[in-house]
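Read through the structure below, which is laid out as structure tokens, and then see the notes.
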Amino acid sequence: MRYDLVIFDNDGVLVDSEPISNRHLAAYLTELGHPTSYEDSLRDYMGSAMHRIHDLVLERTGRRLPEDFDDVFHARVFAAFERELKAVAGAGDVLEKLAADGVPYCVASSGSHERIRVGHRAAGLDRWFDDARIFSSQDVGRGKPAPDLFLYAAERMGVAPERCVVIEDSPLGVRAAVAAGMDVYGFIAMTPAERLTGVTQLFSDMGELAGLLA
């Protein structure tokens with residue numbers, strides 16, 4: 001194994017949540033008078049912490065989102081997760097392989113701790129992640145594309161940044177990993193390869209990952 005720590009993004013990498021969450025985000029923003037298509041949401045908000053959604057809407061429209069925006073959005077998304085969410089194909093196999101080989105791993109997500117845990121339970125991945133392996137943008141001052149979250153995860157796991165590899169599927173996440181001085185493998189199941197500039201490696205099937213990391 002060429003790395004001492006594998007840091008997974010969550011949404012779109014471990015759990016197939018991006019179609020669900022972006023569908024609901026586009027619908028809710030449109031409902032509030034900010035017309036947004038599913039494609040717009042993927043392009044502008046995929047991989048974002050919630051504060052970035054607020055900042056972009058304010059910047060573009062001069063209007064603030066409602067104070068209860070996050071709570072309403074999460075309630076809708078979590079209900080949909082319980083009905084629909086599945087693990088990304090091959091994610092469980094990769095986690096099982098890393099655990100069996102004794103390779104340290106964790107998740108570092110723009111989503112809240114609650115979102116991560118709800119998603120893992122719904123997708124059947126919760127057994128792979130105790131609290132010590134879960135890091136959220138809530139834990140740091142700035143979310144992706146700032147490097148803070150990945151650096152915090154590495155510090156808490158006791159691994160130097162240059163010995164870490166990040167598994168990401170969003171341009172914001174790739175920028176954050178590069179800024180943290182970490183290698184980054186870009187998962188292009190949903191994201192066009194040309195949007196993930198600066199990656200160490202591209203791959204399209206989670207089943208390939210264990211072999212690529214060896």
Side-chain angles (χ1 to χ4, degrees), residues 1-15 17-18 21-22 41-59 70 88 91 94-95 98 103-117 119-120 129-203 206 209 212-213:
M1 178 70 183
R2 70 184 74 174
Y3 300 103
D4 295 335
L5 177 64
V6 181
I7 305 176
F8 290 93
D9 176 44
N10 190 55
D11 295 293
V13 170
L14 294 175
V15 294
S17 53
E18 294 292 9
S21 58
N22 281 281
S41 185
L42 287 176
R43 182 192 66 229
D44 295 341
Y45 303 119
M46 182 173 163
S48 296
M50 292 301 294
H51 68 79
R52 187 170 183 275
I53 299 172
H54 287 263
D55 292 346
L56 278 178
V57 170
L58 178 61
E59 177 185 316
D70 293 13
V88 168
V94 170
L95 294 169
L98 293 176
V103 177
Y105 65 89
C106 64
V107 61
S109 171
S110 292
S112 66
H113 278 281
E114 183 182 15
R115 178 186 173 115
I116 297 167
R117 286 167 170 81
H120 284 185
F129 292 95
D130 56 23
D131 288 347
R133 295 182 189 268
I134 297 177
F135 304 100
S136 160
S137 61
Q138 289 180 310
D139 300 326
V140 294
R142 299 179 299 167
K144 305 169 189 178
D148 305 36
L149 176 56
F150 290 139
L151 291 172
Y152 176 74
E155 180 184 8
R156 289 291 301 272
M157 296 293 289
V159 178
E162 63 270 17
R163 297 299 304 157
C164 300
V165 62
V166 175
I167 314 304
E168 263 288 355
D169 71 330
S170 77
L172 292 175
V174 169
R175 285 168 56 193
V178 170
M182 300 176 180
D183 282 359
V184 54
Y185 284 31
F187 183 46
I188 54 172
M190 280 191 62
T191 309
E194 60 269 19
R195 296 196 66 206
L196 299 185
T197 55
V199 297
T200 310
Q201 174 87 38
L202 290 169
F203 70 106
M206 193 58 65
L209 182 59
L212 293 173
L213 293 174

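Side chain of Ser136 to backbone of Gly111: a donor-acceptor contact under 3.5 angstrom is found. Proximity of a side-chain donor or acceptor of Ser137 to a complementary backbone N or O of Ser110 within less than 3.5 Å is detected. Without hydrogens or angle criteria, Asp44 side chain to Ser41 main chain gives no donor-acceptor distance under 3.5 Å. In this structure, the side chain of Arg52 does not engage the main chain of Gly143 through any donor-acceptor pair within 3.5 Å.
Summarising the geometry of Ala153 relative to Ile7, their closest heavy-atom pair is CB-CD1, 4.5 Å, with the distance given to 0.1 Å. Shortest non-hydrogen contact noted between Asp148 and Val140 is O-CG1, 3.9 Å. Between Phe135 and Ile116, the shortest heavy-atom distance links the atoms O-CD1, 3.8 Å.
Between His120 and Phe129, the ring-plane angle classifies as tilted under the 30° and 60° cut-offs.
We find that Arg2 and Asp183 are not joined by a salt bridge, their nearest charged nitrogen and carboxylate oxygen being 4.0 Å or further apart.
A donor-acceptor contact closer than 3.5 angstrom links the side chains of Ser21 and Arg115. Remark: the Asp131 side chain and the His113 side chain contain no N/O donor-acceptor pair separated by less than 3.5 Å. No side-chain donor-acceptor contact under 3.5 Å links Thr191 and Asp169. Judged by distance alone, the side chains of Tyr45 and Asn22 never bring a donor and an acceptor atom under 3.5 Å apart. Asn10 and Ser109 share no side-chain donor-acceptor pair at under 3.5 Å.
In this structure, the side chains of Cys164 and Asp4 stay at 4.5 Å or more apart for every pair of heavy atoms.
By the 6.0 Å contact criterion, CZ on Arg43 is enclosed, its count of non-hydrogen atoms from other residues, nucleotides or ligands being greater than 12.
With values rounded to the nearest 0.5 angstrom, Ser170 atom OG is found 13.0 Å from Phe187 atom CZ. In this structure, CE in Met190 is found 10.5 Å from CZ in Arg195, a value given to the nearest 0.5 Å.
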